Novice: 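Dropping a structure here in structure tokens format, bear with me for questions.
Everything numeric in this text was worked out from a predicted model, so none of it was measured. Each ligand, and each atom within it, is numbered from 1 in the order the structure gives.
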Amino acid sequence: RIYKRQLECRADIFRLDAPLIAIYESLIPTAEEKAKQKQLLTSLEKLVNREWPNTKLYIYGSCANSFGVSKSDIDICFALEGADNNKPEILLRLAEILESENLTNVQALVRARVPIVKLKDPDTEISCDICINNVLAVVNTKLLRDYARIDVRLRQLAFIVKHWAKSRGVNETYHGTLSSYAYVLMCIHFLQQRRPAILPCLQGMKTTYSVTMENVHCAFFDRVDELRNFGRRNNESISQLVWSFFNYWAYGHDYANSVISVRTGGILSKRAKDWTRRVGNDRHLICIEDPFETSHDLGRVVDKYSIKVLREEFERAAEVLQHDPNPCVKLFEPY
Ligand code: CTP
Ligand code: MG
């Protein structure tokens, strides 16, 4: 299957630049929406502080990593020392407090892999998930946000890919397809691999930011303002990049042997990671290394059925971009 037929890019691909940019721009949340998210965070923090003084809430995920489209849910991390052994109790108490205020749809999901409280603010219609001490997520959120500040093409590509994945039903980890986080890492890796490169490998550069969280040492270069011109020698436009991204995942990636790694800026072998066998439910059919929790394969949710669905969708996208007279409609057609 691999290298079966790498397509040669259609000559009129540039006609797609304007419509793709228009889709990207239509997905960006407004300043008003961002302000409402901030306000909600502040008022939630006040509520939490009545019970737990001097604690903080951190936004992570798409509302903080700059890959959030309009109307995204807010992911919030409640940092509370000493809470790790009684998260269920704390979440239940938190749910009680939120429910007694003006918040709706309050639900504590204490048995989930990451236990959370869900809620909705009736005034703004914004939904939130609050978890406890998921601090590595706050750090990987910063890494993604810093990458996005280097070259605007990352944010454009990731918005298009996320929009495609949601439209095509392949952004559902509980159905064995990939998380938004995994798709953004695929986009970062892809832009690190272009020649000339469009993105550097921040974890391979001088350390200007470092923290140790949950026994994981996280270190990378975060003075990204100094890298604003990094990708200027590569003038590929968004249409070429979207085309190449899907072509790579349809026909170029070596699923049998390769692991993509944003941490190293390259490809690792499955053998080197010992990701060649199924262990428990982890099958490693598509391998995406977490940049900090390096034993985490974000492709571990993918099973022998969903890998087929996923690869057929990559192939469909590549074919649509190559042959369809109106690819921007067809690409995002609901499945
Ligand atoms: N996350 C993680 N490990 C995972 C999945 C998610 O650390 N296996 C963290 C990341 O910090 C990620 C956040 O949880 O940014 C939210 O994940 P996800 O819902 O996949 O991404 P969002 O960026 O919030 O995307 P969406 O717009 O679809 O909500
Ligand atoms: Mg989210």
Novice: Can you name the closest pair of heavy atoms from D290 and Y181 and give their distance?
Specialist: OD2-OH, 2.9 Å

Novice: Side chain, backbone, both or neither: which applies to K166 and ligand 1 if a contact is any heavy-atom pair less than 4.0 Å apart?
Specialist: side chain

Novice: Checking salt bridge (charged side-chain N to carboxylate O under 4.0 Å, His left out) against D222, which of K142, K206, R145, R149 comes through?
Specialist: K142

Novice: Check ligand 1 against S179 and write out every atom of the ligand that is under 4.0 Å from a heavy-atom position of the residue.
Specialist: 20 (O)

Novice: Given salt bridge (charged side-chain N to carboxylate O under 4.0 Å, His left out), test E319 with R316 step by step and report yes or no.
Specialist: CA-CA 5 Å; E319 296 295 326; R316 176 188 180 276; over 6 Å; no

Novice: Go through the steps to decide whether W243 and Y248 satisfy the test ring-ring contact (aromatic ring centres under 6.0 Å, His included), and finish with yes or no.
Specialist: CA-CA 9 Å; W243 183 93; Y248 172 76; over 10 Å; no

Novice: Which protein heavy atom lies closest to atom 5 (C) of ligand 1, and at what distance to 0.1 Å?
Specialist: Y181 CD2, 3.7 Å

Novice: Is E293 in contact with ligand 1, taking contact as a heavy-atom separation below 4.0 Å?
Specialist: no

Novice: I want to know whether F190 and W249 have ring centres closer than 6.0 Å.
Specialist: no

Novice: Show the atoms of ligand 1 that are less than 4.0 angstrom away from any heavy atom in A137.
Specialist: 9 (C), 11 (O)

Novice: As an exercise, identify every atom of ligand 1 less than 4.0 angstrom from a heavy atom of K162.
Specialist: 25 (O), 26 (P), 27 (O)

Novice: Can you report which non-hydrogen protein atom sits closest to atom 15 (O) of ligand 1, along with the distance?
Specialist: G61 CA, 3.2 Å

Novice: One thing to verify: whether R228 and D225 come together as a salt bridge, which I'm taking to mean a side-chain N less than 4.0 angstrom from a carboxylate O.
Specialist: yes

Novice: Which protein N, O or S atoms lie under 2.8 Å from the Mg ion (ligand 2)?
Specialist: D75 OD2

Novice: Within the structure, does D290 bring an N/O atom to less than 3.5 angstrom of an N/O atom in ligand 1?
Specialist: no

Novice: Return the residue, atom name and 0.1 Å-rounded distance of the protein heavy atom closest to atom 8 (N) of ligand 1.
Specialist: L298 CD2, 3.2 Å

Novice: Taking NZ, NE, NH1 and NH2 as the nitrogens, is one of them in E289 or R263 under 4.0 Å from a carboxylate oxygen of the other?
Specialist: yes

Novice: Which residue holds the protein heavy atom closest to atom 11 (O) of ligand 1, what is that atom called, and what is the gap in Å?
Specialist: N140 OD1, 2.4 Å

Novice: Within 45 degrees of the ring normal and closer than 6.0 Å to the centroid, is that where the cationic atom of R155 sits relative to F67?
Specialist: no

Novice: Could you report the tightest heavy-atom contact between L57 and L41, atom names first, then the distance?
Specialist: CB-CD1, 3.9 Å

Novice: Tell me whether atom 19 (O) of ligand 1 lies less than 4.0 Å from at least one protein heavy-atom position.
Specialist: no

Novice: With a 3.5 Å distance limit and no angle check, can you tell me whether D17 reaches the backbone of S237 through a side-chain donor-acceptor pair?
Specialist: no

Novice: Which heavy atom of V320 sits nearest a heavy atom of R10, and at what distance?
Specialist: O-NH1, 4.0 Å

Novice: Could you tell me the residue and atom name of the protein heavy atom closest to atom 26 (P) of ligand 1, and the distance to it rounded to 0.1 Å?
Specialist: S180 OG, 3.5 Å

Novice: For ligand 1, which atoms sit closer than 4.0 Å to a heavy atom of Y60?
Specialist: 11 (O), 13 (C), 14 (O)

Novice: Between the side chains of E45 and R50, is the shortest nitrogen-to-carboxylate-oxygen separation below 4.0 Å, so that they form an ion pair?
Specialist: no

Novice: Is it true that K36 and E33 make a salt bridge, defined as a side-chain N closer than 4.0 Å to a carboxylate O?
Specialist: no

Novice: Against heavy atoms of N65, which atoms of ligand 1 measure under 4.0 Å?
Specialist: 15 (O), 23 (O)

Novice: Against heavy atoms of D75, which atoms of ligand 1 measure under 4.0 Å?
Specialist: 16 (C), 24 (O)

Novice: Flag the pair S210 / F220 as yes when at least one side-chain heavy-atom distance between them is below 4.5 Å, and no otherwise.
Specialist: no

Novice: For atom 29 (O) of ligand 1, what is the nearest protein heavy atom, given as residue, atom name and distance?
Specialist: S62 OG, 3.6 Å

